Amino acid sequence: MLASFDGTWNWTAIGTLALAVATFVSLFFARRSIKQTQDQIEIGQQQLQQTQREIELSRREVEEAQRPLIVPVVAKTFVDLGADGQYEKRPQVVRNGKLLIHVENVGPGPALNVAAWASLLDDAGQPSTGSSGPQLPAQAAGLGPHTDAPLLLEVHNWTGTPNFALRVEYDDVASNGWRTDALFVAGTYEVTAIGRCERQRSASRMIQPVAQP
């Protein structure tokens, strides 16, 4: 009780009550402060996540704006005169057992550290059971956007215009690896896959683009 029967105040009880009130008020404001802090932390995390999403989106936009895209081509050009007045860009085995192909970078960014391999196919477009011997890839330092170039692949025991599977690997300016897979069967290319890849070849092994034979 706060007061005794004789009318005197019980200061101990009053002090205890005041301490309890003060403690309650302190806990109330402490919980309120913690709640506000938690809300601020949550808002900060949401803002951080939004910023990270915007950064990732910007990074992808920059990469897409500089992404190369190499495809093999068969086309007419006026670079050289043939029997019909035009030179056809088409795969063919040329001197010294080399396969000549033409590729074009149709992407908006340069393709760097280009390397190409081919594997022989039979008339049905299946992997050939015959041995074609060891093969060295064609390599080029780079290929600019919307430009084409000839590549020479060293092959063995290939003649005429063979069927083959082609793989071209290249890097973008951010050192991301890309790969294009295609089949050349009955005089026509079919691109079967285009996507990212992990590359083992270091940039220090770049060579200059191959001159046209």
Side-chain angles (χ1 to χ4, degrees), residues 55-77 79-80 87-94 96-121 125 127-128 132-156 158 161-185 187-213:
I55 291 174
E56 177 65 18
L57 180 60
S58 297
R59 183 185 66 81
R60 290 182 179 179
E61 289 177 347
V62 171
E63 286 186 355
E64 287 297 323
Q66 295 295 324
R67 176 183 170 181
L69 178 56
I70 289 182
V71 294
V73 295
V74 175
K76 295 283 188 177
T77 179
V79 172
D80 192 12
Y87 177 80
E88 188 175 19
K89 296 178 181 178
R90 60 180 178 83
Q92 55 185 303
V93 177
V94 295
N96 300 325
K98 289 181 171 58
L99 175 66
L100 171 66
I101 64 171
H102 287 80
V103 295
E104 181 179 2
N105 178 13
V106 297
L112 308 176
N113 305 327
V114 181
W117 297 263
S119 57
L120 189 63
L121 303 177
S128 176
S132 60
Q135 180 192 130
L136 295 177
Q139 296 178 310
L143 185 60
H146 307 296
T147 59
D148 63 83
L151 296 175
L152 283 174
L153 294 82
E154 185 171 343
V155 295
H156 298 271
W158 291 28
T161 305
N163 297 331
F164 59 90
L166 177 68
R167 170 165 294 180
V168 186
E169 293 185 358
Y170 44 99
D171 298 331
D172 60 22
V173 294
S175 298
N176 297 311
W178 297 90
R179 183 176 70 205
T180 299
D181 291 318
L183 299 177
F184 184 78
V185 178
T188 303
Y189 275 116
E190 177 188 357
V191 176
T192 57
I194 296 176
R196 291 199 178 196
C197 69
E198 294 293 331
R199 304 194 64 194
Q200 302 298 323
R201 186 168 61 88
S202 63
S204 62
R205 296 177 60 186
M206 291 191 307
I207 65 170
Q208 296 298 315
V210 177
Q212 185 169 343

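This chain uses plain numbering: 1 for the first residue, then up along the sequence. Just so it is clear, the structure is predicted and the values come from calculations on it, not from any experiment.
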Subject >> Side-chain donor or acceptor of D181 paired with backbone N/O of T192 under 3.5 Å >> reply: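 No, D181 side chain to T192 backbone: no donor-acceptor pair under 3.5 Å.
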
Give the minimum heavy-atom separation between [X] and [Y], together with the two atoms involved.
X	Y	answer
D171	N113	OD2-ND2, 2.7 Å
P150	L100	CB-CD1, 3.7 Å
G107	P145	O-CB, 3.3 Å
L153	A118	CD2-N, 3.5 Å
P108	H146	CA-NE2, 4.2 Å

Original post:
Do P72 and V168 come within less than 4.5 Å of each other through their side chains, counting heavy atoms only?
Top reply: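 The answer is no; the side chains never approach within 4.5 Å.
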
**OP:** Measure the shortest side-chain to side-chain distance between L151 and P137 over non-hydrogen atoms and say whether it is less than 4.5 angstrom.
**Re:**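 The answer is no; the side chains never approach within 4.5 Å.
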
**OP:** Working to the nearest 0.5 Å, report the span between CD of Q139 and CH2 of W117.
**Re:**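 If I round to the nearest 0.5 Å, the distance is 7.5 Å.
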
**OP:** Could you grab the distance from atom CD of E104 to atom CG of L69, nearest 0.5 Å is fine?
**Re:**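 Between E104 CD and L69 CG, I get 9.5 Å after rounding to 0.5 Å.
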
Original post:
For L152 and V94, what are the C-alpha separation, side-chain angles and deciding distance, and is it a side-chain contact (heavy atoms from CB on, under 4.5 Å)?
Top reply: CA-CA 9 Å; L152 283 174; V94 295; 3.9 Å; yes

**OP:** Quick one: list whatever passes ring-ring contact (aromatic ring centres under 6.0 Å, His included) with F164, sequence neighbours left out.
**Re:**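 F164: ring-ring contact (aromatic ring centres under 6.0 Å, His included) contacts with F184.
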
Subject >> Pair R196-N176, side-chain contact (heavy atoms from CB on, under 4.5 Å): steps then yes or no >> reply: CA-CA 7 Å; R196 291 199 178 196; N176 297 311; 3.7 Å; yes

Subject >> Option from L166, V71, L183 for which side chain to side chain contact (heavy atoms under 4.5 Å, CB included) with Y189 holds >> reply: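 Per the side chain to side chain contact (heavy atoms under 4.5 Å, CB included) rule, the option paired with Y189 is L166, out of L166, V71, L183.
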
Subject >> Partner of V103 under side chain to side chain contact (heavy atoms under 4.5 Å, CB included), chosen from V114, D148, L143, V73 >> reply: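 Between V103 and the candidates, side chain to side chain contact (heavy atoms under 4.5 Å, CB included) is satisfied uniquely by L143.
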
Original post:
Taking only residues two or more places apart in sequence, or in another chain, which ones meet T161 in a side chain to side chain donor-acceptor pair (under 3.5 Å)?
Top reply: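 By the side chain to side chain donor-acceptor pair (under 3.5 Å) rule, T161 matches R90.
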
Subject >> side-chain contact (heavy atoms from CB on, under 4.5 Å) between T180 and Y170, intermediate numbers included >> reply: CA-CA 9 Å; T180 299; Y170 44 99; 2.8 Å; yes

**OP:** Kindly write out the residues that satisfy salt bridge (charged side-chain N to carboxylate O under 4.0 Å, His left out) with D172, not counting sequence neighbours, or none if the list is empty.
**Re:**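 With neighbours one apart ignored, the set is empty.
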
